[in-house]
Amino acid sequence: MNKRGQYQILEEVIFIVLNIIFFGALLIFVVKASAGTFVLEQFYAKQIALMIDGAKPGTIISLNVDDAYGVAKKNNFEFTNFVKVKDNKIIVQLSDARAYSYGYFNDIKIDNIVYSDVEENGKISHILTFQVEEK
Amino acid sequence: MIKLFNKKAEKLLTIWWFGVLAIIGAGIVLGTMLFFSAHIDIRQLEAEMISEKVADCLNNGIEINEDFLTLCGFEKSLFEENSDYFIMISIGDETHKFGRSSFETECGIKKGLIKSKYYPECIEKTIEISGKKIDILTGSNYRGEVIANG
């Protein structure tokens with residue numbers, strides 16, 4: 001192969017590699033953004049509020065919070081009390097910067113908010129459990 | 001870099017190509033940030049749940065009076081005039097309203113062609129109890145809030 005041909009191939013290889021790097025970086029950015037702190041805080045606050053709104057007194061709710069654990073760990077945030085309940089509002093916090101709060105309209109009381117690590121088939125799951133009680 | 005390559009061959013690594021990549025990248029980054037910073041909208045689900053709860057209460061024979069919300073298990077303070085929720089129960093000529101009454105008009109407007117994210121999400125339902133037709137209209141415009149520094 002002559003020098004001209006070698007340069008042509010080299011250019012094509014660089015072109016393909018740069019494209020892969022660029023679109024790979026974009027993909028990583030989108031995936032990371034979709035599992036960001038703000039998105040997860042909103043997601044858990046709203047999910048818990050909806051669960052409470054649909055629950056009857058006496059219900060015990062367990063929720064897998066693996067995603068939240070991962071984000072809190074990344075943010076060096078104390079995970080054990082990432083969910084708080086105050087004045088009919090669920091407050092979810094996964095970083096020191098801010099929290100997200102969402103209200104529920106059901107006239108009930110939330111009790112025994114417990115966070116626990118449960119081992120299943122050699123894998124540790126992070127579970128949040130709380131009880132819905134009559135006011 | 002371009003000068004290194006054969007000028008007669010088709011050039012791939014041009015300044016235009018980098019320009020196109022920059023535009024695509026900026027577009028995707030901006031779009032993603034806008035999409036994920038937007039609120040996850042559960043107002044329709046809330047309106048549906050309120051509607052179901054009201055229908056259950058009426059089915060259980062709870063009378064519509066001042067204590068209706070409390071007896072139904074709603075937090076009464078969240079259904080005042082300046083709140084983000086609304087319930088309207090119509091039985092014949094009789095109409096009972098709880099919560100922000102302006103939602104009645106806004107729900108009506110939204111039923112038409114006008115789409116506005118600032119208007120509440122509403123659910124209309126008709127049930128029949130003992131031969132009586134009961135119309136239930138519920139709405140939610142609650143959006144939650146971000147608390148700075150926890």
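Just so you know, these numbers use all the heavy atoms, side chains as well, and skip hydrogens, waters and symmetry mates. Convention: sequence-line order gives letters A, B, ...; per-chain numbering from 1. In this text, all values refer to a predicted model and were calculated from it rather than measured experimentally.
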Tell me, yes or no, whether the heavy-atom count around Lys73(A) atom NZ, taken from other residues, nucleotides or ligands under 6.0 Å, exceeds 12.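 No, because the 6.0 Å sphere around NZ of Lys73(A) holds 12 heavy atoms or fewer from other groups.
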Please rank Met33(B), Glu52(B), Met49(B) by heavy-atom pairs under 4.5 Å with chain A and give me the top one.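 Of the candidates given, the most pairs with chain A belong to Met49(B).
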Can you say whether Phe23(A) sits under 4.5 Å from chain B via the side chain, the backbone, both, or neither, judging by heavy atoms?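 Just its side chain gets close to chain B.
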Testing the basics here: between Ile147(B) and Ser101(A), what is the closest heavy-atom pair and its distance to 0.1 Å?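 Distance-wise, the nearest heavy atoms are CD1-CB, 3.5 Å.
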With rounding to the nearest 0.5 angstrom, report the CD1 to CG distance, Ile24(B) to Leu26(A).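 Here the rounded value is 8.5 Å.
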Shorter than 4.5 Å, heavy atoms on both sides: which option in Ile40(B), Ile28(B), Thr32(B) has the most such pairs with chain A?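 Looking at each of Ile40(B), Ile28(B), Thr32(B) in turn, Ile40(B) comes out on top.
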Tell me whether Phe15(A) is reachable from Leu18(A) by hopping between hydrophobic residues (I, L, V, M, F, W, Y) whose side-chain heavy atoms are closer than 4.5 Å.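 Yes.
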Would you mind reporting whether Asp53(A) and Ile50(B) have side-chain heavy atoms less than 4.5 Å apart?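 The answer is no, as the side chains (C-beta and beyond) never meet within the 4.5 Å cut-off.
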My understanding is that only residues two or more places apart in sequence, or in another chain, count here; which of them pass side-chain contact (heavy atoms from CB on, under 4.5 Å) with Ala25(A)?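 Partners of Ala25(A) by the side-chain contact (heavy atoms from CB on, under 4.5 Å) criterion come out as none, since no residue qualifies.
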Report yes if some heavy atom in the side chain of Gln42(A) is under 4.5 Å from a heavy atom in the side chain of Val146(B); otherwise report no.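 Result no, sub-4.5 Å side-chain heavy-atom pair not found.
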Atom CG in Asn88(A), atom CG in Leu78(B): separation rounded to 0.5 Å?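 CG of Leu78(B) is found 5.5 Å from CG of Asn88(A).
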Quick check on the interface: out of Lys46(A), Glu41(A), Lys89(A), who has the most heavy-atom pairs with chain B under 4.5 Å?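 Highest number of heavy-atom pairs under 4.5 Å: Lys46(A).
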For chain A, find which of Phe35(B), Phe74(B), Phe36(B) contributes the most heavy-atom pairs closer than 4.5 angstrom.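 Highest number of heavy-atom pairs under 4.5 Å: Phe36(B).
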Could you look at Glu134(A) and say if it's the side chain, the backbone, both or neither that has a heavy atom under 4.5 Å from chain B?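 For Glu134(A), there is no contact with chain B at all, as no heavy atom is under 4.5 Å.
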Treating Tyr102(A) as the side-chain partner and Glu145(B) as the backbone partner, does any N or O pair qualify as donor plus acceptor under 3.5 Å?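 Answer holds: no.
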Working to the nearest 0.5 angstrom, can you tell me the gap between Leu50(A) CG and Ile42(B) CD1?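 If we round to the nearest 0.5 Å, Leu50(A):CG and Ile42(B):CD1 are 4.0 Å apart.
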Pair Phe105(A) and Tyr85(B), ring centroids less than 6.0 Å apart: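 For Phe105(A) and Tyr85(B), the ring centres are under 6.0 Å apart.
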Counting only heavy atoms closer than 4.5 Å, note whether Lys76(B) contacts chain A via side chain, backbone, both or neither.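 For Lys76(B), there is no contact with chain A at all, as no heavy atom is under 4.5 Å.
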Partner chain A: residue of Ser140(B), Ser83(B), Gly144(B) with the largest heavy-atom pair count (under 4.5 Å):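 Ranked by contacts with chain A, first place is Gly144(B).
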Enter the distance from Asp107(A):CG to Cys72(B):SG here, rounded to the nearest 0.5 Å.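 The CG atom of Asp107(A) sits 11.0 Å away from the SG atom of Cys72(B).
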